[in-house]
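Report on one structure; see the data block that follows.
Letters go in sequence order (proteins before strands), and every chain restarts at 1.
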There are 2 protein chains.
Amino acid sequence: MATTAPTETDLGLLLSRAAHGLHHELTAGLTSLGISPRAHCVLSKAIGQELTQSQLAGLCALDKTTMVVTMDELEKAGLAERRLSSTDRRARIVAVTEAGEEMVARGQEIVARIYDEVLGPLPDGERAAFVDALTRIVEGRLAEPTPCERPVRRPRM
Amino acid sequence: MATTAPTETDLGLLLSRAAHGLHHELTAGLTSLGISPRAHCVLSKAIGQELTQSQLAGLCALDKTTMVVTMDELEKAGLAERRLSSTDRRARIVAVTEAGEEMVARGQEIVARIYDEVLGPLPDGERAAFVDALTRIVEGRLAEPTPCERPVRRPRM
DNA sequence: TATTGTTATACTCTATAACTATA
DNA sequence: TATAGTTATAGAGTATAACAATA
């Protein structure tokens, strides 16, 4: 009957399931607004700022070509605009429209509720500690990725 | 100068970056053994067990067709075999070969080292709490995904 | 020469659908 | 009728490459 040792905690699987599960919830929750989690993320980080597409891509961990696609969507939906930078004529500043600000506001409500539900299993006192720990992990060893022959693609957002 | 409120913690982005970052490290670390994180995960969970492909797929959060592909790889590499179940003639039991056991042992060393490095930014006392919290989150609200018209694909593994 | 943004396209990879065999 | 596994293929979506404009 001696089955082998109960597989030790699989951090990779845990994080993968958590990220995918949350992404799923965000996708489901935001469909009522007709916006993707990625578009919402870009929009919410651009609001009230004067960021170029590449700066925004960096903040959202997106490839620059993926940012182009995202901006195309946002512009077509009238939620954001590309404006010429006054200091660098190559760059485009991402400006959020009024409709975009409205969208972010409504999106944030949904997103905040989902975050709250997802963190629900943790006692109040532990939530901040968890998010803080996760932040430190992301900014730690993972911030300087090991070079890898076969590039590892970003997950869907 | 009043830039808008510093975007509140973006749990989605954090988890996405953590999962992707770790996946990247695992991929880079395991290339020396010629095995993918997914194959290692399947192998490590099958070892010493008598699990069918679909049971294993459930444990590893894989689609059954993805499991077929993975098993094809593992079998071709001589790391695992499909055996007929003695109780259900439809099912295939995943058996890990000796070479497979050796591979898991070597892989676990690498994976354990990477986990240790990734959790490095956390003080010793917090690591277990973090993993525990993450586990509860995954087993909480995220365990019963909200129905969603547009199915959200699993991330790459 | 390096960088921003764009376009077009190639590639990776998961999921769907259809099917067989068995329960 | 439902499930395990397989095959083939569609489909989604990110990354690569090449290019134009500018720094």
Side-chain angles (χ1 to χ4, degrees), chain A residues 16-17 19-21 23-24 27 31 36-39 41-42 46 50-76 80-95 145 148-157, chain B residues 16-17 19-21 23-24 27 36-39 41-42 46 50-76 80-95 145 147-157:
Chain A
S16 173
R17 288 176 59 190
H20 177 250
H23 180 221
H24 181 104
T27 302
T31 44
S36 68
R38 180 170 74 198
C41 180
V42 168
E50 294 268 320
L51 301 172
T52 65
Q53 286 187 201
S54 61
Q55 286 174 324
L56 213 38
L59 281 178
C60 299
L62 296 175
D63 185 84
K64 63 175 182 176
T65 60
T66 306
M67 177 57 72
V68 170
V69 174
T70 309
M71 278 305 300
D72 288 348
E73 294 168 5
L74 289 173
E75 214 160 30
K76 192 159 71 178
E81 294 170 0
R82 287 180 243 233
R83 296 194 184 148
L84 298 174
S85 164
S86 53
T87 58
D88 185 338
R89 288 165 58 195
R90 293 171 303 181
R92 311 299 171 100
I93 301 296
V94 176
C148 184
E149 318 163 353
R150 178 167 315 183
V152 181
R153 296 183 148 198
R154 294 182 176 85
R156 282 169 265 279
M157 289 186 67
Chain B
S16 174
R17 287 176 60 190
H20 177 251
H23 179 221
H24 181 105
T27 302
S36 68
R38 181 171 74 198
C41 180
V42 168
E50 294 268 319
L51 302 172
T52 66
Q53 285 187 200
S54 60
Q55 288 174 323
L56 213 38
L59 281 179
C60 299
L62 297 175
D63 185 85
K64 64 176 181 175
T65 60
T66 305
M67 177 58 73
V68 170
V69 174
T70 309
M71 278 306 300
D72 288 348
E73 294 168 6
L74 289 173
E75 214 159 29
K76 191 160 69 176
E81 293 170 0
R82 288 180 241 235
R83 296 191 185 151
L84 298 173
S85 164
S86 53
T87 59
D88 185 338
R89 286 166 57 195
R90 295 171 302 182
R92 310 299 169 101
I93 302 296
V94 176
C148 183
E149 319 164 351
R150 179 166 313 182
V152 182
R153 296 184 148 199
R154 294 183 177 85
R156 284 170 262 280
M157 290 186 68

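If you take CG of B/L84 and P of C/dT22, they are 10 Å apart, rounded to a whole angstrom.
Within residues 51-64 of chain A, the residues having any heavy atom under 4.0 Å from DNA chain D are, by residue number, A/D63.
B/H20 places a side-chain N or O within donor-acceptor distance of the main-chain N or O of A/V152, the cut-off being under 3.5 Å.
Residue whose closest nucleotide on DNA chain C sits further toward the 5' end, between B/P155 and A/R153: A/R153.
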| request: Output, in order, the C-alpha distance, side-chain angles, deciding distance and verdict of side-chain contact (heavy atoms from CB on, under 4.5 Å) for A/L84 and A/R89. | output: CA-CA 7 Å; A/L84 298 174; A/R89 288 165 58 195; over 6 Å; no
Let me have the donor-acceptor pairs involving side chains of residues 60-70 of chain B, under 3.5 Å, with sequence neighbours excluded, atom names and distances please.
{"residue": "B/D63", "atom": "OD2", "partner": "B/T65", "partner atom": "N", "Å": "2.9"}
{"residue": "B/D63", "atom": "OD2", "partner": "B/T65", "partner atom": "OG1", "Å": "2.6"}
{"residue": "B/T70", "atom": "OG1", "partner": "B/R38", "partner atom": "NE", "Å": "3.1"}
{"residue": "B/T70", "atom": "OG1", "partner": "B/T66", "partner atom": "O", "Å": "2.8"}

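Side-chain atoms of A/R90 and base atoms of C/dT4 include no donor and acceptor less than 3.5 Å apart.
In terms of the side-chain hydrogen bond (donor to acceptor under 3.5 Å, both in side chains) criterion, residue partners of B/R82 (sequence neighbours excluded) are, by chain and number, B/Q53, B/D72, B/E75. In this structure B/T87 satisfies the side-chain hydrogen bond (donor to acceptor under 3.5 Å, both in side chains) test together with B/S85, sequence neighbours excluded.
A/R82 has a side-chain polar atom (N or O) that falls below the 4.0 Å cut-off from OP1 or OP2 of C/dT6.
Taking the 5' to 3' direction, DNA chain D first and last meets chain B under 4.0 angstrom from a heavy atom at D/dA2 to D/dT14.
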Hey, what are the protein-to-nucleotides 7-9 of chain C N/O distances that come in under 3.5 Å?
none

